[in-house]
Amino acid sequence: MSNDAVLHGDAVVLPHSGVHHGEHHEHHHHETFITKYVFSQDHKMIAKQFLITGMVWAVIGGLMSVLFRLQLGYPDATFPWLEDILGKWAKGGRISAEAYYALVTTHGTVLVFFVLTAGLSGTFANFLIPLQVGARDMASPMMNMLSYWFFLAASVVMLSSIFVETGPFSGGWTAYPPLSALGDASPGSKTGMDLWLTSMALFVVSQLLAGINYISTVLNLRTKGMSMTRLPLTIWALFFTAVLGLLSFPVLFSGFILLIFDRNFGTSFYLSDIFIASTNKALPNEGGSAILYQHLFWFLGHPEVYIILLPAMGMVSEILSTNARKPIFGYMAMIGSLFAIAILAFLVWAHHMFVTGLNPFLGSIFVLLTLLIAVPSAIKVFNWLTTLWRGNIRFTPGMLFAIGFVSLFISGGLTGIWLGNSALDIHLHDTYFVIAHFHIVMGVASMFGMFAGIYHWYPKMYGRYMNNTLGYIHFWLTMIGAYLIFWPMHYEGLAGMPRRYYDYSVWESFKQFAELNKFISTVVIIVFAVQLLFLFNFFYSIFKGRKVTTLNPWGSTTLEWTTPIHPGHGNWVGEIPEVHRWAYDYGKDGQEFIPQTQPVGEHESHH
Amino acid sequence: MSMFFTIAVIVLVFLIIFQIAKASEYVSVLKGEEKSRKQQNKVNGFLMVGFLVLGLIGVYVCNKMLYGKTLLPHGSASVQGEKVDSMLWVTLIVTGVVFIITQIILFWFAYKYQENDKRKAFYFPHNNTMEVVWTVIPAIALTVLVVIGLRNWFAFTSDAPKNALQVEVTGKQFGWIFRYAGKDKEFGKKYFRNIDEANSNLLGQIWDDSKNFDDVVVTQTMYIVKDKPVKLIIGSRDVVHDVGLPHFRLKMDAVPGTPTTLWFTPKYTTKEMKEKTGNPNFQYEISCDQMCGNGHYSMKGIIEVVTQAEFDLWMAKQKPNYYAAFPDKDPANQQPATPAAKDSASTAKAPAATEKVKM
């Protein structure tokens with residue numbers, strides 16, 4: 001399906017240039033439908049494959065959140081149509097607890113890994129790295145292609161897990177053992193969990209193939225004159241993202257391997273002292289530690305947050321600067337703060353584990369390191385704000401989402417200061433405060449970064465524009481909706497309302513929020529509908545959007561806008577342009593913008 | 001039918017929005033794309049400042065509506081929790097000020113510096129002084145928060161006072177089991193393979209250990225004493241659970257195989273809290289805060305905070321679990337009786353005991 005949709009996107013493709021420099025071959029190699037749209041090795045097509053697969057997952061994952069929000073908002077109501085679509089999972093029109101937990105778990109897994117990791121950095125790393133560093137393709141186009149197909153395989157396995165009889169995995173996206181290790185403790189931990197682990201293992205392979213490719217491309221395939229400090233911030237962000245992924249996904253994988261052993265081969269890495277009431281049996285395992293898994297998981301799990309966030313930060317920096325018609329403020333500080341965040345990302349994982357019985361002294365170290373991250377984050381925010389100051393701002397839909405990103409990043413980032421402090425986390429841990437925090441700062445903010453990127457680079461991807469008016473409606477309703485959904489959740493969290501509860505009505509301490517939950521669920525449905533509007537805009541514009549008529553529609557300095565409107569495989573016709581300056585000469589010496597390819601003039605001022 | 005109707009309405013709304021959007025594209029072609037782009041820019045610039053104003057009002061209204069529903073207005077029910085609350089306020093002030101200033105700047109700049117033919121963007125790539133200032137200020141603010149936080153953290157995680165009441169809390173799918181050490185103030189040993197629900201041995205107490213003879217095991221409701229520190233020794237029988245104590249502002253995971261501890265001093269009895277909150281149904285609830293299976297949401301425990309006198313009275317009524325497991329050892333069953341009668345007494349007792357613990 002993903003490929004059908006982009007089928008005629010590049011209806012008019014300019015003659016291809018070969019991969020050899022300089023020589024201009026007409027149709028150097030013949031492309032069939034299969035090599036062009038299905039097993040394509042062109043980074044731009046692979047990017048679109050990632051994007052559209054990610055969108056399919058975003059719809060599935062989003063729809064799941066709508067379903068479980070129905071249960072949270074209207075716990076007493078019955079919806080007969082739910083039984084029609086979910087069958088035994090919604091007997092009598094009410095989602096069962098089992099189905100609720102399966103939905104929550106799959107929503108989390110899919111959104112974090114398939115949408116915001118594969119869909120976001122998969123799309124934009126693939127699309128932007130060769131175009132912005134000035135390369136004809138990735139260092140290894142073949143591995144790049146494999147990376148997509150491993151992702152698709154992971155997707156198929158994950159999707160199939162929804163249809164097994166005992167249901168998909170339902171123990172939360174973090175999959176803590178023993179719950180995830182014992183089928184007798186939860187039906188979702190039977191076949192569903194096997195499929196979940198298989199899918200995630202395939203996904204890790206996909207991420208590693210992709211990451212190593214991104215890194216080697218950025219390091220080795222930059223065009224002449226493109227020194228590291230002339231790279232656009234998008235590339236820096238994507239580079240750090242790839243490094244994070246490459247170093248942390250293998251650790252997650254090792255955690256999963258041990259879990260597979262515990263599940264299937266009778267080992268006791270994570271299991272000890274367990275008596276299962278449903279079978280009335282004590283398990284033979286002794287000596288394992290359930291906490292070990294949490295360490296291994298969060299050693300990826302925390303960098304994962306930045307794997308999701310950094311690409312969005314990079315794109316937002318680029319889009320803010322382009323549309324404010326001003327250089328990004330503090331370019332070197334932006335790189336420095338990305339670097340600091342990337343390093344610190346590896347040193348804070350245990351802040352997810354303050355209340356696991358972690359040694360308090362160790363906990364205090366993690367408090368310090370966690371709150372340290374606020375410093376580079378603050379630098380980034382102040383730099384973005386200063387970039388807007390005395391600019392000449394054009395509100396393209398991409399720009400709106402970039403500004404929205406900054407707003408959400410501030411809101412969600414500040415609550416990180418609450419949760420990173422163990423003495424507050426001891427009250428707020430695993431409550432709705434956490435839900436509000438990470439949805440705003442990681443979920444919605446990164447989604448905004450992704451939207452910004454899609455709107456901004458759509459003309460380059462498809463040679464057409466998306467409809468602006470729909471873009472504006474999409475932005476404003478999503479922005480308002482996102483705050484209406486997640487802002488009030490902070491209050492639920494302050495009351496200690498735990499996350500992952502199917503029903504709050506029997507809880508004297510939490511049932512006062514029934515009205516609020518109804519309100520939030522209603523907004524969720526509207527916001528989801530608005531996203532369908534975006535999808536419609538996206539697919540409609542591929543075929544019918546306004547055509548791009550100029551090479552550089554946003555007046556941007558970076559290299560991707562020097563390629564033809566419909567770049568073929570190899571990107572540039574003829575030689576790859578040489579770069580003479582950094583990516584942010586906007587408004588310099590009274591000029592609107594100076595492309596990176598323009599040599600430095602004799603009388604040009606220094607900055 | 002209503003379902004069909006709803007879908008029809010949604011589709012219709014979509015179509016209308018789409019038609020408007022399409023039309024606006026044609027209009028912009030007619031009007032000149034540059035001109036209509038500038039108009040759209042003005043509209044969005046205005047919306048930016050509109051969003052800011054309405055957003056800040058929204059924050060205020062939201063607070064007014066929801067603050068009363070949080071547990072904060074009644075204050076913390078534990079001495080330790082007061083520190084959580086006070087730190088929460090300090091953090092709120094620091095982050096709140098930053099939030100308001102930065103959001104105002106963001107949307108105000110977006111509005112003020114929207115595209116204007118008369119203005120040229122100011123080429124301003126970097127300024128070291130500014131960058132140093134806004135690196136140092138957050139660093140100082142965070143240091144303050146870290147210092148306050150860690151001082152409290154070490155207070156929370158310090159050793160419990162010697163006189164603390166000790167309660168062993170064990171999570172299982174899906175409920176809580178509490179054990180009191182009894183007169184000897186020491187818990188007997190336990191081993192998970194000895195767990196035998198049919199014979200009232202929920203925790204796997206080792207009956208060879210005489211310290212177990214006076215240990216009291218109850219489920220559902222835990223009794224603790226006002227103003228007396230209580231130390232919870234937390235464990236789990238199956239998967240990871242979490243002892244969530246929202247009113248006391250504390251929580252700690254229950255991990256199988258690895259005991260954890262948590263101590264606090266309750267400030268108000270349940271009765272006092274009923275008056276304080278004006279809610280006659282008030283209960284201190286233990287919520288499981290770690291996903292533990294399909295019954296996670298129903299894993300509720302109750303804490304009854306009582307005075308020392310009430311506690312002693314309650315404790316006097318409890319029978320050691322040993323007697324539930326071995327009814328013939330129960331002094332209450334030791335009256336001279338015919339063997340047959342003794343037998344029937346013990347069989348009658350056993351189901352009652354299991355019923356009690358199954359709660």
Side-chain angles (χ1 to χ4, degrees), chain A residues 81 97-98 172 176 178-179 185-186 272-275 282 290 325-327 330 333 355-357 360 364 368 371 374-375 378 382 385 388-395 403 406 410 414 417-418 421-423 426-427 430 467 469-470 491 494-496 498 500-503 508-509 512 587-588 607, chain B residues 3 21 24 41 44 62 66 69-72 84 87 91 95 99 102 105-106 109-110 113-115 119 121-123 125-126 131 134-135 138-139 142 146 149-150 152-153 157 173 192-193 195 237-240 244 246 249-253 255-257 260 281 283 285 287 289 291 293-294 297:
Chain A
W81 55 272
E98 255 177 288
Y176 285 177
L179 186 64
S186 159
S272 186
D273 297 40
I274 292 166
F275 177 89
R325 313 308 296 154
K326 255 189 88 194
V355 298
T356 56
S364 69
L368 187 67
L371 293 207
V375 175
F382 291 132
L385 295 178
L388 293 181
W389 179 65
R390 292 182 65 184
N392 209 11
I393 299 168
R394 294 179 187 165
F395 296 113
I403 293 172
V406 177
I410 295 170
L414 286 170
I417 294 174
W418 298 49
N421 216 333
S422 56
I426 203 166
H427 173 50
D430 267 343
N467 184 294
T469 313
L470 285 180
Y491 289 86
L494 289 172
R500 294 172 177 156
Y501 269 27
Y502 168 67
D503 189 353
E508 201 54 48
S509 318
Q512 70 273 28
K588 191 183 187 189
H607 66 75
Chain B
M3 182 68 192
S24 72
N41 223 56
N44 278 300
C62 181
L66 294 177
K69 293 188 176 183
T70 66
L71 303 180
L72 301 179
V84 174
M87 217 184 113
T91 312
T95 54
F99 171 81
T102 48
I105 289 178
L106 174 68
F109 279 3
Y113 300 110
Q114 59 178 290
E115 189 174 41
R119 187 175 42 246
F122 175 50
Y123 188 80
H126 70 109
E131 285 166 76
W134 62 51
T135 308
L142 288 166
V146 168
L150 290 185
N152 290 339
W153 173 244
T157 54
Q173 287 179 324
F192 74 105
R193 283 183 211 279
I195 294 173
R237 235 176 55 170
D238 36 45
V239 302
V240 182
R249 314 277 193 264
L250 297 169
K251 68 183 45 141
M252 186 53 71
D253 278 1
V255 184
T260 56
N281 299 320
Q283 276 179 323
E285 287 168 323
S287 55
D289 282 353
M291 176 65 199
N294 292 336
Y297 67 97

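A note on names: the letters A, B, ... follow the listed sequences, proteins ahead of strands, and every chain is numbered from 1.
Taking each heavy atom of A/Leu371 and B/Leu142 in turn, the nearest pair found is O-CD1, 3.3 Å. Residues B/Trp153 and A/Ile426 share a closest heavy-atom pair of CZ3-CD1, 4.2 Å. Across A/Ala290 and B/Val255, no two heavy atoms sit closer than the pair CB-CG1, 4.0 Å.
The distance between the ring centers of A/Tyr501 and B/Tyr297 does not fall below 6.0 angstrom.
A donor-acceptor pair is defined here as one N or O able to donate and one able to accept, closer than 3.5 Å; no such pair exists between the side chain of A/Lys326 and the backbone of B/Tyr123. No donor-acceptor pair under 3.5 Å is formed between the side chain of B/Glu115 and the backbone N or O of A/Asn392. A donor-acceptor contact shorter than 3.5 Å is absent between the side chain of B/Glu131 and the backbone of A/Gly330. Proximity of a side-chain donor or acceptor of B/Arg119 to a complementary backbone N or O of A/Gly391 within less than 3.5 Å is detected. No side-chain donor-acceptor contact under 3.5 Å links B/Asp238 to the backbone of A/Asp273.
In this structure, the side chains of B/Met291 and A/Tyr176 stay at 4.5 Å or more apart for every pair of heavy atoms.
Among A/Ala333, A/Ser186, A/Ala423, the residue with the largest count of heavy-atom pairs under 4.5 Å with chain B is A/Ala423. Of the listed residues (B/Val240, B/Leu106, B/Leu72, B/Leu150), the greatest number of heavy-atom pairs within a distance under 4.5 Å of chain A belongs to B/Leu106. Top candidate by heavy-atom pairs under 4.5 Å with chain A, chosen from B/Arg237, B/Lys251, B/Gln283, is B/Lys251. When the candidates A/Pro360, A/Ala378, A/Ala374, A/Pro498 are compared by the number of heavy-atom contacts under 4.5 Å with chain B, A/Pro360 comes out ahead. For the set A/Pro327, A/Ala97, A/Ala282, the entry with the most heavy-atom pairs within less than 4.5 Å of chain B is A/Pro327. If you tally non-hydrogen atom pairs under 4.5 Å between each of A/Ile403, A/Ile274, A/Thr469 and chain B, the highest count goes to A/Ile274. Most heavy-atom pairs under 4.5 Å with chain A: of the set B/Val146, B/Thr157, B/Asp289, this distinction falls to B/Asp289. Interface summary for chain B: among A/Gly496, A/Gly587, A/Ala495, A/Gly357, the most heavy-atom pairs under 4.5 angstrom belong to A/Ala495. Comparing B/Thr102, B/Ile105, B/Val239, B/Asn41 by heavy-atom pairs within less than 4.5 Å of chain A, the highest count is held by B/Asn41. The candidate from B/Asn44, B/Asn152, B/Thr70 with the greatest count of non-hydrogen atom pairs under 4.5 Å with chain A is B/Asn44. Each of B/Leu71, B/Asn294, B/Thr260 has some count of heavy-atom pairs under 4.5 Å with chain A, and the biggest count is that of B/Asn294. Highest contact tally toward chain B, considering only A/Val375, A/Leu385, A/Leu388, A/Val406, is held by A/Leu385 [criterion: heavy-atom pairs under 4.5 Å].
Both the backbone and the side chain of B/Leu66 come within contact range of chain A, with heavy atoms under 4.5 Å apart. If you measure heavy-atom distances from A/Trp389 to chain B, the contacts under 4.5 Å come from both the backbone and the side chain. Both the backbone and the side chain of A/Ala185 come within less than 4.5 Å of a heavy atom of chain B. Contacts between A/Asn467 and chain B at a heavy-atom distance below 4.5 Å involve backbone atoms as well as side-chain atoms. Heavy atoms of A/Phe382 lying under 4.5 Å from chain B belong to its backbone as well as its side chain.
Between atom OG of residue B/Ser24 and atom CG of residue A/Leu470 there is a gap of 7.5 Å, rounded to the nearest 0.5 Å. The distance from the CZ atom of A/Phe395 to the CD atom of B/Gln114 is 5.5 Å, given to the nearest 0.5 Å.
With sequence neighbours excluded, no residue forms a salt bridge (Lys or Arg N to Asp or Glu O under 4.0 Å) with A/Arg390. By the side chain to side chain contact (heavy atoms under 4.5 Å, CB included) test, B/Thr95 pairs with A/Leu414, A/Ile417, A/Trp418, B/Thr91, sequence neighbours left out.
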*Begin from the C-alpha positions of B/Phe192 and A/Ser272 and carry the test side-chain contact (heavy atoms from CB on, under 4.5 Å) through to its verdict.*
CA-CA 9 Å; B/Phe192 74 105; A/Ser272 186; 5.9 Å; no
*Apply the test side-chain contact (heavy atoms from CB on, under 4.5 Å) to residues A/His427 and B/Leu250: give CA-CA distance (whole Å), side-chain angles for both, the deciding distance (0.1 Å), then the verdict.*
CA-CA 5 Å; A/His427 173 50; B/Leu250 297 169; over 6 Å; no
*side-chain contact (heavy atoms from CB on, under 4.5 Å) between B/Gln173 and A/Leu179: does it pass, once the steps are laid out?*
CA-CA 10 Å; B/Gln173 287 179 324; A/Leu179 186 64; 3.7 Å; yes
